[in-house]
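Each remark here refers to the structure printed beneath this line.
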Amino acid sequence: MRTEQPQVIYLKDYQAPEYLIDETHLTFELFEDHTLVHAQLVMRRNPERGAGLPPLVLDGQQLELQRAALDDQELQAGDYALDDSSLTVHPKSERFTLDTSVKIHPESNTALEGLYKSGKMFCTQCEAEGFRKITYYLDRPDVMSTFTTTVIAEQHRYPVLLSNGNPVGSGPAEDGRHWATWEDPFKKPAYLFALVAGDLWCVEDSFTRQSGRDVTLRIYVEPENIDKCDHAMVSLKKSMRWDEEVYGREYDLDIFMIVAVNDFNMGAMENKGLNIFNSSCVLARAETATDAAHQRVEGVVAHEYFHNWSGNRVTCRDWFQLSLKEGFTVFRDAEFSADMNSRTVKRIEDVAYLRTHQFAEDAGPMAHPVRPDSFIEISNFYTLTVYEKGAEVVGMVRTLLGAEGFRKGSDLYFERHDGQAVTTDDFIKAMEDANGVDLTQFKRWYSQAGTPRLEVSETYDGAAQTYSLTFRQSCPQTPDKLDKLPFVIPVALGLLDAEGNDLPLQLAGEAAADVATQRVLSVTEAEQTFTFQGIVAKPLPSLLRGFSAPVKLSFPYDRDQLMFLMQHDSDGFNRWEAGQQLAVQVLQELIGQHQRGEALKLDPRLITALGTVLGNESLDPAMVAEMLSLPGEAYLTEISQVADVDAIHAAREFARQQIAEQLFDALWARYQANRQVSRSTAYVAAAEHFARRSLQNIALSYLMLTGKSQVLEATLEQFEHADNMTERLTALAVLVNSPFEAERAKALEAFAEHFKDNPLVMDQWFSVQAASSLPGGLARVKALMQHPAFTLKNPNKVRALVGAFAGQNLVNFHAGDGSGYRFLADLVIELNALNPQIASRQLAPLTRWRKYDAARQALMKGELERILASGALSSDVYEVVSKSLA
Ligand code: TRP
Ligand code: ZN
């Protein structure tokens, strides 16, 4: 916990390290009530920092120093200085060796940072600054060293001993103990260090690299999960092949290992050669994991594997550069998933997520640029902005340079910076140099926070046959900076004629030859007009195709035009987008009616449009499912000036009810046809099967709104007889949100009884109930917290119950009496002492207080103030609370 005023760290203060570490030799002695860590660091003065030998200040927290020696000379009390975050010693020469031994307590580490225990196994999480809780070190990413690691532990409890790199020896030790030594020849920062010890089983496979050499692949899990590794292994091999083919990147060690652990703060971690995963991102089989979980496993396995190049071989100079590896790697994993599944559906999911959550972050008190200028606690900057907006920025570079130019740039980047710790500027420089372009203005995407608005207007001149689009960009104020300069906004677009065909796009002044029907305009000014010629009749523009930039675009479409685009746009993403905009217009109208106390009346055009989509058998069923999904309550909140939680909920539920009733026959037909296929086909985790089940399941959730007995019967049939978790969990969720109390209770009980020994499935069981918007939500969540399968010490459980309640159950969380806010604040105060990273993340919904009415604002602020006054806060929680109240 924090004792003094927390320090703000600034990018502008960056300085290269005074000393470097060439070799790191570690020995861990693991015991049940403590661990000893012996470190030998082969060090030298950093020549970049000039002559002289300043004091050497090593990072270290919660360490009990037992001894220290410089070049084999034991240090006495007066030779060094210790405080609660550092050890200072005084080198006598340019090159020297520092030995330390410390005692630590992984067995009581509930923060899950550094060395800790997850169940019976030891594991580590060092990113960003966890290594300093293991030993005294220069814990910063621009200090890169080779590592040799020896682990000594009781043979019987910990038969498997793992660390980074290649295994170089193992054998028995005294007192029933044994040892293993690992050597990692690639220089790496300490945040990529990993150690695992436990009673683990593994599945093994191998992969033959393009160059012909084999790599051993192993996935380590607790014995009961050995039957749930195949999907991750297949995903890993696909990822390795894809990175060779698409980026020319080969794997570099003889062995690649993944370990699944139950207690993990995030999704997974790319430690060199030894990725450690949240078990939710590894384990998957039909009976226990949904289609979404299968796709998440595939994506996260790819993400961590891709980090071997974008993150490990080329790493970050400092933590302000985090998006260098995260934005790029998210972009890479998204492209991989697009290639493995449906590209359009993947894009729709990612954009919906970005617009709901990253746009909200960008509009809130924690808004920051993709490359932040300052932070108090770096753990708070593993954000949607750094990851998802960062990926959009890389995507725009590719849109501007084209696929080939982008590949030239990435080749140069990897070649030029292999083995280095670099910056986002270095990344862009490689793209510039490989393509002979200037991206100076483009780099504002890294330095300016906030979501740009792009207002578009049109004029048509029939006599001249010209059509002009005028773009006006602006960016709202964010807490960090007031004035924003114009961005470079790539706008992919097409123009549709009255039949829905794409017109050739010839800008004024261009020759007629070779005119494409889709182009990318670069909007670089605050206001800019583009004029197309040879346009014989007024066209309909299709703007920002594929969501070519992370902006809020507005164009005055009317509803008939949106319906036309839904049917005719040649860009699949924009067909979906037109449907979303139509639904937003219709829902906002309903919200207004609700607020004025009028009877709700749904624009029948929404039903017509969805009916057309539903009746189109040639459309990808996954697209049909996406188009049938109305914009979520969180998105409707994000686009509101003042979000009226109850009106949003009432309007959206009313629309869903109307859709269910008026399109009942079509929904029922498509449900039955798809359920029939599911019944007669074995489960396959592949795009066309995901697609079929997604349409089947969204149809079922609409159908149940009618309360018809035939739907109840179908739901019970699916719940009882499905051979996979996707269908079973949807049926359960449908029952949980239905008025059929007896059936709901029975299903919940049967499900829990059947899956009580599978924690990941129980997480789903908690989530489905926590997200249910039926009245009494908070009481249900509080009761579930008493369930024997629940514990605050496991992040997955906290996310499943508390996260789902505060993030998805908006009517209950925002109850007018403030009970939801009080509950969350109490929880954050309790979690603050146990696990600061999780506490700080759960806080996010309270930071959005500016979106709500005055009464709710006061209640939310009151709870933030109560947290601030609650005593010794971690830097994680302190930063978020204090910035939210500022
Ligand atoms: N670098 C990891 C990833 O991309 C995520 C990560 C960062 C992390 N900090 C962490 C994981 C702390 C667990 C705990 O995907
Ligand atoms: Zn990552």
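Whatever order the structure lists them in is the order used to number ligands and atoms, beginning at 1.
- With a 4.0 Å cut-off on non-hydrogen atoms, Tyr387 touches ligand 1 through its side chain and not its backbone.
- Phe28 and Phe193 have their aromatic ring centers within a separation under 6.0 angstrom.
- By the 30° and 60° cut-offs, the orientation of the rings of Tyr251 relative to Phe256 is perpendicular.
- Listed by first and then second residue, the salt bridge (charged side-chain N to carboxylate O under 4.0 Å, His left out) pairs that reach into residues 273-282 come to none, sequence neighbours excluded.
- Shortest contact from atom 6 (C) of ligand 1 to any protein heavy atom: Met266 CE, 3.6 Å.
- Screening Thr110, Asp876, Val798, Leu792 against Ile838 for a side-chain contact (heavy atoms from CB on, under 4.5 Å) leaves a single residue, Val798.
- No other N/O/S atom of Glu326 lies as close to the Zn ion (ligand 2) as OE1 does.
- Counting heavy atoms under 4.0 Å from ligand 1, residue Ala268 touches it through the backbone alone.
- The ligand atoms of ligand 1 that sit less than 4.0 angstrom from a heavy atom of Lys325 are 1 (N).
- Within the structure, side chain to side chain donor-acceptor pair (under 3.5 Å) contacts touching residues 191-201 (residues at least two apart or in different chains) are Tyr191-Thr315.
- Under the 30°/60° scheme for interplanar angles, the aromatic rings of Phe375 and Phe381 are found to be tilted.
- Among protein heavy atoms, atom 7 (C) of ligand 1 sits closest to Tyr382 CE2, 3.2 Å.
- Both cation-pi conditions hold for Lys188 and Phe147: the charged atom is under 6.0 angstrom from the six-membered ring centre and inside a 45 degree cone around its axis.
- Every atom of ligand 1 is numbered from 1 in the order shown, and the set under 4.0 Å from a heavy atom of Met269 is 1 (N), 2 (C).
- Close placement of the Phe406 and Phe331 rings is indicated, their centers lying within 6.0 Å of each other.
- Asp142 and Tyr14 share a side-chain donor-acceptor pair at under 3.5 Å.
- Residue Phe264 approaches ligand 1 through these ligand atoms, each under 4.0 Å from one of its heavy atoms: 11 (C), 13 (C).
- Of the heavy atoms in His303, only side-chain atoms (C-beta onward) come closer than 4.0 Å to ligand 1.
- Interface atoms of ligand 1 facing Glu270, defined by a heavy-atom separation under 4.0 Å, are 1 (N), 2 (C), 3 (C), 4 (O).
- Residue Asn265 places no N or O, backbone or side chain, under 3.5 Å from any N or O of ligand 1.
- Taking the N/O/S atoms of His307 in turn, the shortest distance to the Zn ion (ligand 2) belongs to NE2.
- In terms of protein heavy-atom proximity, atom 12 (C) of ligand 1 is closest to Gln125 NE2, 3.3 Å.
- For atom 1 (N) of ligand 1, the closest non-hydrogen atom of the protein is Glu127 OE1, 2.5 Å.
- His303 has its closest N, O or S atom to the Zn ion (ligand 2) at the position named NE2.
- When only non-hydrogen protein atoms are considered, atom 15 (O) of ligand 1 lies nearest to Glu304 OE2, 3.0 Å.
- A salt bridge links Arg407 with Asp411; the closest basic N to acidic carboxylate O contact falls under 4.0 Å.
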